[in-house]
Amino acid sequence: MIQHKKRYGAPGCSKCVLPTQLKTQQIELQLLAQNLFKVQEDERQLLSRELHDELGQWLTAISAETEAISNSFHGNSKVRIGTQSIKESVGKIHNVIHNIMHQLRPVLLDTLGLIDSLNDLRSQWSSHNPGISCKFVMEGEFNNFGEMINITIFRIIQESLSNICNHAEATLVLVHLNHKLDVPAGTNILLLSIEDNGKGFNPKQQSGGFGVLGMRERIIAAGGKFSLYSALGHGTQINVSLPIEKVCAY
Ligand SMILES: Nc1ncnc2c1ncn2[C@@H]1O[C@H](COP(=O)(O)OP(=O)(O)O)[C@@H](O)[C@H]1O
Ligand SMILES: [Mg+2]
């Protein structure tokens, strides 16, 4: 007997993926991505703690031993020069560890919250990029977001600033963060824009980098919207909107 193909949209049609199924899959993907970012952040936090606790303790021991040797051979200039050089190396390793820890986990985020860690990020970034004027404008209340929002916003600004210093050749950067009531939706929304007046680029051209892709994925995983506008000679602007209650807390 001839098997008639089921009409597109008819019950049982194998080619049809019903909107509800699509919606479910979309939510599952979003949860998966959220979980992936959480695992990544947890791992970074663990690494940062290990670096601090393990390496930090060995460096302190080396410093103490060096000090003791230097005191025992007080008059010996060779020993003095040698121990001084060890102390300097220990200081340098300490700074490197501190920088890596800072990249891995913005410590202030856990203790002082979003605004203080962003101010810290800005002052560190500005000290490394003295030729670029960087202005942060923050409007609204930022104290009671969950860890996920805090880390999401922090990572987006961190990656954007890193791109500006690596690629933009800008002289001005404006970061605008606004927490307000989204009147038509009746919910709270977090708006973020990061704008630079640098050389810009063609966003349609594949770069091979994962920074912009990662930012977009993070925001989508958090239930928000991400857009990037750039053109050669016209700077770059990133816009993010995050509906607050949609974001699940870690
Ligand atoms: N603010 C910016 N100004 C100019 N070019 C940018 C800016 N941000 C990103 N780009 C361009 O987009 C590319 C992709 O960025 P990204 O995904 O972060 O990867 P990466 O920084 O590793 O190259 C960069 O290589 C650069 O060419
Ligand atoms: Mg990058």
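Atoms within a ligand are numbered from 1 in the order they appear, just like the ligands themselves. The basis for the numbers below is simple: all heavy atoms, side chains too, and nothing from hydrogens, waters or symmetry mates.
Numbered from 1 in the order shown, with element, the atoms of ligand 1 that lie under 4.0 Å from a heavy atom of Gly211 read 16 (P), 17 (O), 18 (O), 19 (O).
Of the protein's heavy atoms, Gly209 CA, 3.3 Å lies nearest to atom 19 (O) of ligand 1. Annotation: atom 5 (N) of ligand 1 to nearest protein heavy atom, Phe201 CD2, 3.2 Å. The protein heavy atom nearest to atom 1 (N) of ligand 1 is Asp196 OD2, 3.0 Å. Regarding atom 14 (C) of ligand 1, its nearest protein heavy-atom neighbour is Ser207 OG, 3.1 Å. Of the protein's heavy atoms, His167 NE2, 3.7 Å lies nearest to atom 20 (P) of ligand 1.
Heavy atoms only, all atoms of each residue included: Ser230 and Phe201 are closest at OG-N, 3.0 Å.
Taking a cutoff of 4.0 Å between a charged side-chain nitrogen and a carboxylate oxygen, Lys38 and Glu41 do not qualify as a salt bridge. Between Arg155 and Glu217 there is no salt bridge, since none of the side-chain N atoms of the basic residue sits less than 4.0 Å from a carboxylate O of the acidic one.
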- Run the side-chain contact (heavy atoms from CB on, under 4.5 Å) check on Thr66 and Ile62 step by step: do they pass? CA-CA 6 Å; Thr66 315; Ile62 293 172; 3.9 Å; yes
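Contacts of Ala168 with ligand 1, taken as heavy-atom pairs under 4.0 Å, involve both backbone and side chain. Counting heavy atoms under 4.0 Å from ligand 1, residue Thr236 touches it through the side chain alone. Residue Asn166 does not touch ligand 1, judged by heavy-atom distances below 4.0 Å. No part of Lys199 comes within 4.0 Å of ligand 1, judged by heavy-atom distances.
Between Val212 and ligand 1, an N or O atom pair is found at a separation short of 3.5 Å.
Taking the six-membered ring for Trp and thresholds of 30 and 60 degrees, His179 and Phe142 have ring planes inclined between 30 and 60 degrees apart.
Between Glu159 and ligand 1 there is a heavy-atom distance shorter than 4.0 Å.
Rounding to the nearest 0.5 angstrom, the gap separating the CD1 atom in Ile156 from the CD1 atom in Ile194 is 7.0 Å. Expressed to the nearest 0.5 Å, how far CD1 of Ile151 lies from CZ of Phe37 amounts to 11.5 Å.
Residues Ile153 and Phe226 share a hydrophobic cluster, clusters being chains of Ile/Leu/Val/Met/Phe/Trp/Tyr side chains in contact below 4.5 Å. Hydrophobic clustering keeps Ile157 apart from Leu104 (ILVMFWY residues linked when any side-chain heavy atoms are closer than 4.5 Å, directly or through intermediates).
The Mg ion (ligand 2) has no N, O or S atom of Asn166 closer than 2.8 Å.
Among heteroatoms of the N, O or S kind in Glu159, OE2 lies nearest the Mg ion (ligand 2).
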